[in-house]
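Before any comments, here is the structure.
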Amino acid sequence: MMNIIEWFSVLMIVLGSFFFLAGTVGLWRFPDVLSRLHALTKADNLGLGFIVIGIVPLVSDVVDAIQLIVIWLAVMLSGAISCYLLASSSDDVHNQSAPKKVENSNFMSNSDD
């Protein structure tokens, strides 16, 4: 029979898997590059975090738990850096036009003149 720690671990791993699945659906469904990157980085970081939280109580050594947390932090850092690089080199970002300015100088003037 499973004890409370094992149930907690199963719950966290299932929750993490749900976030990985949600990120994958976001990758397929979102229309532009920036939305897809946002879905992947947020969902993958949360998913991996929940999985690490679920695995940490099951490891037998503190060093193994610290290694899992360091791996999670490294993945979060590399995900943020790679997302930034992909977003900054994306064609969608560079091709967006600037908001157009109103050229009419009488736009805010008094009409009684």
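Remark: Leu85 CG is packed, more than 12 non-hydrogen atoms of other residues, nucleotides or ligands lying under 6.0 Å away.
Residues Leu15 and Leu46 are members of one and the same hydrophobic cluster, defined by side-chain heavy-atom contacts under 4.5 angstrom among Ile, Leu, Val, Met, Phe, Trp and Tyr. Under the 4.5 Å side-chain heavy-atom criterion for Ile, Leu, Val, Met, Phe, Trp and Tyr, Val75 and Ile53 are members of distinct hydrophobic clusters. Residues Leu86 and Leu40 do not share a hydrophobic cluster, defined by chaining ILVMFWY side chains whose heavy atoms lie under 4.5 Å apart. The cluster map of Ile, Leu, Val, Met, Phe, Trp and Tyr, joined by side-chain heavy atoms under 4.5 Å apart, puts Ile13 and Phe8 in different clusters.
Separation of atoms NZ (Lys42) and SG (Cys83) is listed at 8.5 Å; rounding is to 0.5 Å. Distance NE2/His38 to CG/Leu27: 13.5 Å, rounded to 0.5 Å.
Side-chain atoms of Leu48 and Phe20, non-hydrogen and from C-beta on, do get closer than 4.5 Å to each other.
Under the 3.5 Å distance criterion, the side-chain polar atoms of Ser35 are left unmatched by any main-chain donor or acceptor of Pro31.
Taking both residues in full, the closest heavy atoms of Gly16 and Ile51 are given as CA-CG1, 3.9 Å, listed atom of the first, atom of the second, then distance. The heavy-atom pair separating Ala39 from Phe30 by the smallest distance is CB-CE1, 3.5 Å. Residue Leu37 comes nearest to Ala87 through the heavy atom pair CD1-N, 3.7 Å, listed as atom of the first residue, atom of the second, then distance. Contact record, Gly54 with Ser9: O-OG, 2.7 Å, taken as the closest heavy-atom pair.
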Which donor-acceptor pairs under 3.5 Å do side chains of residues 57-73 form with protein atoms, sequence neighbours excluded?
{"unit_1": "Trp72", "atom_1": "NE1", "unit_2": "Asn45", "atom_2": "O", "d": "3.4"}

